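Okay, so here's the structure we're looking at.
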Amino acid sequence: MRVIFTGGGTGGHIYPIMAIIERLKERGISTNDKILFVGTKKGLESKIVPAAGVNFKTINIQGFNRKHPLKNFETIKLFLQATKSARKILKEFKPDVVLGTGGYVSGAMVYEAAKMHIPTMIHESNSVVGLANKFLGHYVDRICYTFDDAAKEFPEKKKLVKTGNPRSQQVLSLHEEKIDIKKKWGLNPDMPTVLVFGGSRGALAINRIMLKSLMNLKTKPYQIIWATGTYYFDSVQKKLKGVDIGTNIKVLPYIKNMPGLLPEMTCVVSRSGATSIAEFTALGVPVILIPSPNVTHNHQMKNALDLEKAGAALVIPEDDLNPNNFVSSIDHILLDEKYAKEMSQASKALGVPDASDQVIKVMEEISR
Ligand SMILES: CC(=O)N[C@H]1[C@@H](OP(=O)(O)OP(=O)(O)OC[C@H]2O[C@@H](n3ccc(=O)[nH]c3=O)[C@H](O)[C@@H]2O)O[C@H](CO)[C@@H](O)[C@@H]1O
């Protein structure tokens, strides 16, 4: 099967595609020469995709400027050029199906493909639908989604297929490379352990609450792995200079093998980005979610409440966060095994272990 994938900007648009590509190859449905990823030069995809050995082409496109509408003249000019480039790529590559996950580049590619009567589909990984997917919903053959709230935003119900997030299946298949926390960080593998991190880039609010809670946390009968985010690591280190943080707290910039560490954790404290949630629910990890308030339409709060409603997470809004509710929420899960087990089961029930296969099934159904 010849497939063009397109999506850009954030990791949320890229990780699901990378998971589907891996599975397509694993199952022998497609090969590297029949797969093309179309993104932008500036987006994260220009680093991740070629590094994974996937064919990559770019289109020059930019977002609309909501603050300075006059500057959008250039944007419109670029958009029209982008649709021309999209058409050229589609004519040359001749895909059997085109799948977009969001971002302006995906808007241009999938729209052009639909106009050329090439089978098209989109995947929405968040609970609030992004601008490009909302627009494309009118033109594509199928709409795959993760959260029921997202489905409500598309008027044509017959196009909808609930597949879950392909990252879930990928995380489960990587399950065997577990991290040995004793060897790696000198921690006790028999002690309950909590991982604290703030999404792919780290979160200032989560780092601040950790700094404020350290004196309390270092006396607890559990351990903490705190990934500050690479960007914040030096400033956190400076603040910790000369401070005794005990032996049960390990401070790191970034976790390289998250799927290998998550199954070892008793509980996780995190933001509620779509990919993180796909990972937590695939593995059934009990979580305390502190949604980022700085995202479009407050979608992280919606993602988080979906888990809380199912009994799979505790949610603390960033505005309400203080050292008391932070530490007592961790205590609640780490010191009560029964409660942690119930959360884990509720979380697993939300995960879709064969999400990539479900998306691939839709691709096979519509491809020409
Ligand atoms: C601030 C912002 O705009 N956030 C958005 C961004 O979040 P963000 O880019 O943080 O993405 P997610 O939370 O979805 O995923 C983070 C990814 O980074 C990995 N990781 C993180 C820390 C670490 O030390 N090691 C590591 O490997 C996680 O395992 C996960 O795979 O994209 C998401 C879609 O995916 C959106 O829902 C979020 O709202």
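Because the structure is predicted, anything quoted here is derived from the model rather than measured.
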Does atom [atom1] of [X] have more than 12 heavy-atom neighbours, drawn from other residues, nucleotides or ligands, at distances under 6.0 Å?
| X | atom1 | value |
| --- | --- | --- |
| K34 | NZ | no |
| E342 | CD | yes |
| K157 | NZ | yes |
| R2 | CZ | yes |
| K212 | NZ | no |
| R87 | CZ | yes |

Can you measure from [atom1] ([X]) to [atom2] ([Y]) and round to the nearest 0.5 angstrom?
| X | Y | atom1 | atom2 | value |
| --- | --- | --- | --- | --- |
| T228 | L204 | OG1 | CG | 11.0 Å |
| S125 | F147 | OG | CZ | 8.0 Å |
| I122 | L136 | CD1 | CG | 5.5 Å |
| K41 | S46 | NZ | OG | 9.5 Å |
| R142 | L99 | CZ | CG | 12.5 Å |
| I333 | Y222 | CD1 | OH | 10.0 Å |

Output, in order, the C-alpha distance, side-chain angles, deciding distance and verdict of salt bridge (Lys or Arg N to Asp or Glu O under 4.0 Å) for E112 and K88. CA-CA 10 Å; E112 278 304 307; K88 187 164 175 272; over 6 Å; no
Is the backbone of D190 close enough, under 3.5 Å, to the side chain of N188 for a donor and an acceptor to pair up by distance? yes
Please name the pair of heavy atoms, one in S168 and one in V352, separated by the smallest distance, quoted to 0.1 Å.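 Heavy atoms of S168 and V352 come nearest at CB-O, 3.4 Å.
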Salt-bridge present ([X], [Y]; N to O < 4.0 Å):
| X | Y | result |
| --- | --- | --- |
| K361 | E364 | no |
| K134 | E124 | no |
| E264 | K184 | no |

Which one of S127, S276, S272 satisfies the side-chain hydrogen bond (donor to acceptor under 3.5 Å, both in side chains) criterion with N303? S127
Apply side-chain hydrogen bond (donor to acceptor under 3.5 Å, both in side chains) to D357 and Q169, showing your working. CA-CA 8 Å; D357 287 337; Q169 183 165 356; 3.1 Å; yes
Measure the shortest side-chain to side-chain distance between [X] and [Y] over non-hydrogen atoms and say whether it is less than 4.5 angstrom.
| X | Y | value |
| --- | --- | --- |
| L305 | M301 | yes |
| E279 | V285 | no |
| I61 | L78 | no |
| K218 | I224 | no |

Might you work through the side chain to side chain contact (heavy atoms under 4.5 Å, CB included) test for V38 and F93, ending with a clear yes or no? CA-CA 11 Å; V38 181; F93 192 82; over 6 Å; no
Which of parallel (below 30°), tilted (30 to 60°) and perpendicular (above 60°) describes F135 and Y111? tilted
Is it true that N60 and Q81 share a donor-acceptor pair across their side chains at a distance under 3.5 Å? no
If you measure only the distance, is there a donor-acceptor pair under 3.5 Å linking the side chains of K25 and N32?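 Present: a donor and an acceptor within the cut-off.
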